[in-house]
2 protein chains.
Amino acid sequence: MENKTARFEKLLVKNGLKRTAPRLQVLEILSGRDSATSQPYLEQVMGKDADRVTLYRVLQAFEEKGIIHKVLDQQGTANYAICSDGCSAHEHHDEHVHFNCDNCHKIYCLDTVKIPALKVPAGFKVEHLNLIATGLCASCSDKVN
Amino acid sequence: MENKTARFEKLLVKNGLKRTAPRLQVLEILSGRDSATSQPYLEQVMGKDADRVTLYRVLQAFEEKGIIHKVLDQQGTANYAICSDGCSAHEHHDEHVHFNCDNCHKIYCLDTVKIPALKVPAGFKVEHLNLIATGLCASCSDKVN
DNA sequence: ATGTTAATGCAATTATGTTGCAAATATAAC
DNA sequence: GTTATATTTGCAACATAATTGCATTAACAT
Ligand SMILES: [Mn+2]
Ligand SMILES: [Mn+2]
Ligand SMILES: [Zn+2]
Ligand SMILES: [Zn+2]
């Protein structure tokens with residue numbers, strides 16, 4: 001298997017972004033987690049490796065290029081996850097369901113669960129759908145039992 | 001038809017809340033709008049009639065009692081709408097779809113559109129579903145044509 | 001009318017996000 | 001390798017949003 005860092009560097013170059021330390025670090029962190037990652041968490045982990053403003057700009061650039069997608073949790077906090085595939089600067093394809101655990105507060109991308117089509121009142125034109133389920137994640141409902 | 005203010009006063013009493021000016025004003029404003037109302041808008045309309053902190057606390061109390069429900073728009077801003085019925089301090093029944101217009105940014109409660117049940121991976125226990133559609137609302141897609 | 005408790009307003013604090021600009025650095029051209 | 005260029009970063013200042021503690025006020029039960 002190919003080196004992970006090398007893959008990330010290619011990803012940056014492909015999107016016309018320079019391979020800088022903060023960008024690679026964000027990709028490393030996000031890829032090492034099993035759930036979407038909040039901006040505050042990233043900020044904490046990166047510490048003084050990168051300025052807070054830089055982090056905001058890195059995330060914004062990644063989102064615009066279709067490298068990551070943003071999910072707002074029930075408190076309105078932004079969480080980020082690497083896009084699985086096929087996303088580009090022009091279009092995101094992340095219309096899967098997100099699951100926000102009430103206990104551990106993690107946000108899982110349920111890539112396999114698609115959002116069902118919807119019948120809306122006359123006149124409304126649906127562009128995108130965004131479905132967040134809340135409850136207990138698999139790991140937390142285990143612990144409860 | 002019964003006086004609107006009288007109805008609101010009953011609503012407050014029923015929920016063990018004193019009938020104060022800021023609370024009645026918030027109910028008046030929310031009930032006079034066809035879409036969910038953002039905190040900043042409420043703050044602006046109420047002006048110096050009520051302190052900003054009071055507004056936060058009124059909204060929080062109403063939400064806890066099941067008088068209003070909160071909808072986060074795509075920017076994570078909180079918007080509020082009066083609950084249609086059956087909501088209480090212990091449980092909200094607002095699992096209808098919300099529509100966030102990309103043009104006018106209004107958020108409509110599509111009370112008639114229920115969120116379809118969902119099949120999630122084993123272990124996950126869904127408690128609530130939250131579906132926001134984005135696109136053009138009826139009024140805005142009229143104007144475009 | 002009075003007392004009790006809930007609710008408000010104000011000040012201070014904390015958190016969150018944005019902007020402008022100069023310094024640093026990745027990359028391409030030489 | 002050196003140099004030129006455009007991008008990216010870090011810092012400071014600013015702006016906005018939300019929270020907390022506490023003294024004052026007002027609702028309402030008696
Ligand atoms: Mn996702
Ligand atoms: Mn609603
Ligand atoms: Zn969990
Ligand atoms: Zn609209």
Side-chain angles (χ1 to χ4, degrees), chain A residues 5-6 8-29 36-65 67-68 70-80 89 105 107, chain B residues 5-6 8-29 36-65 67-68 70-80 89 105 107:
Chain A
T5 305
F8 292 149
E9 296 191 344
K10 274 187 192 169
L11 185 61
L12 292 178
V13 171
K14 190 183 79 175
N15 285 283
L17 299 172
K18 294 184 175 174
R19 327 166 244 188
T20 66
R23 285 172 176 165
L24 288 169
Q25 197 181 353
V26 167
L27 290 174
E28 283 294 339
I29 296 171
T37 303
S38 71
Q39 192 279 333
Y41 176 89
L42 282 166
E43 189 174 325
Q44 189 212 311
V45 170
M46 299 185 64
K48 57 181 287 292
D49 289 351
D51 190 80
R52 212 160 52 89
V53 179
T54 299
L55 176 55
Y56 280 114
R57 292 194 272 227
V58 166
L59 293 171
Q60 188 185 324
F62 283 3
E63 197 186 359
E64 282 169 8
K65 298 295 187 179
I67 296 173
I68 64 177
K70 172 161 64 180
V71 192
L72 298 180
D73 64 22
Q74 295 313 96
Q75 284 81 244
T77 306
N79 291 65
Y80 298 91
H105 302 109
I107 295 188
Chain B
T5 304
F8 292 150
E9 295 190 345
K10 275 187 192 168
L11 186 61
L12 292 178
V13 172
K14 191 183 79 175
N15 285 284
L17 299 173
K18 294 182 176 174
R19 335 168 235 185
T20 66
R23 286 173 176 164
L24 287 169
Q25 197 181 352
V26 167
L27 290 175
E28 283 294 341
I29 297 172
T37 303
S38 71
Q39 191 279 333
Y41 177 88
L42 283 166
E43 188 174 326
Q44 189 212 310
V45 170
M46 299 185 63
K48 58 181 287 289
D49 291 349
D51 190 77
R52 212 156 55 86
V53 179
T54 299
L55 177 56
Y56 280 117
R57 292 194 272 224
V58 166
L59 293 172
Q60 189 186 322
F62 283 2
E63 197 187 358
E64 281 169 8
K65 298 295 187 178
I67 296 173
I68 63 176
K70 172 160 67 176
V71 192
L72 299 179
D73 65 20
Q74 295 314 96
Q75 285 80 242
T77 305
N79 290 65
Y80 297 91
H105 301 109
I107 295 189

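Chain identifiers are assigned alphabetically (A, B, ...) following the order of the sequence lines, protein sequences preceding nucleic acid strands; residue numbering begins at 1 within each chain.
One can place CD of B/Glu9 at 8 Å from P of D/dC28, the figure rounded to the nearest angstrom. Atom CD of A/Gln44 is separated from atom P of C/dT16 by 12 Å (rounded to the nearest Å). Between the CG atom of A/Leu24 and the C1' atom of D/dT8 there is a distance of 13 Å, rounded to whole Å. As rounded to whole Å, 10 Å separates atom C1' of D/dT8 from atom CG of A/Leu17. A/Leu12 has its CG atom 10 Å from the P atom of D/dT9, to the nearest Å.
Relative to the side chain of A/Asp51, the nucleotides D/dT19, D/dG10, C/dT18 differ in distance, and D/dG10 lies closest. For B/Arg19, the listed nucleotide lying nearest its side chain is D/dC28; candidates were D/dC11, C/dC10, D/dC28. The B/Tyr56 side chain lies nearest to D/dT19 when the options are D/dA27, C/dG9, D/dT19.
Side-chain atoms of A/Lys18 and base atoms of C/dT25 include no donor and acceptor less than 3.5 Å apart. At a cut-off of 3.5 angstrom, the base of C/dG9 holds no donor-acceptor pair with the side chain of B/Arg52. Counting atom types as modelled, B/Arg57 pairs a side-chain N or O with a base atom of C/dG9 as donor and acceptor under 3.5 Å.
Place A/Pro40 and B/Val58 on DNA chain C by their nearest nucleotides, and B/Val58 ends up nearer the 5' end.
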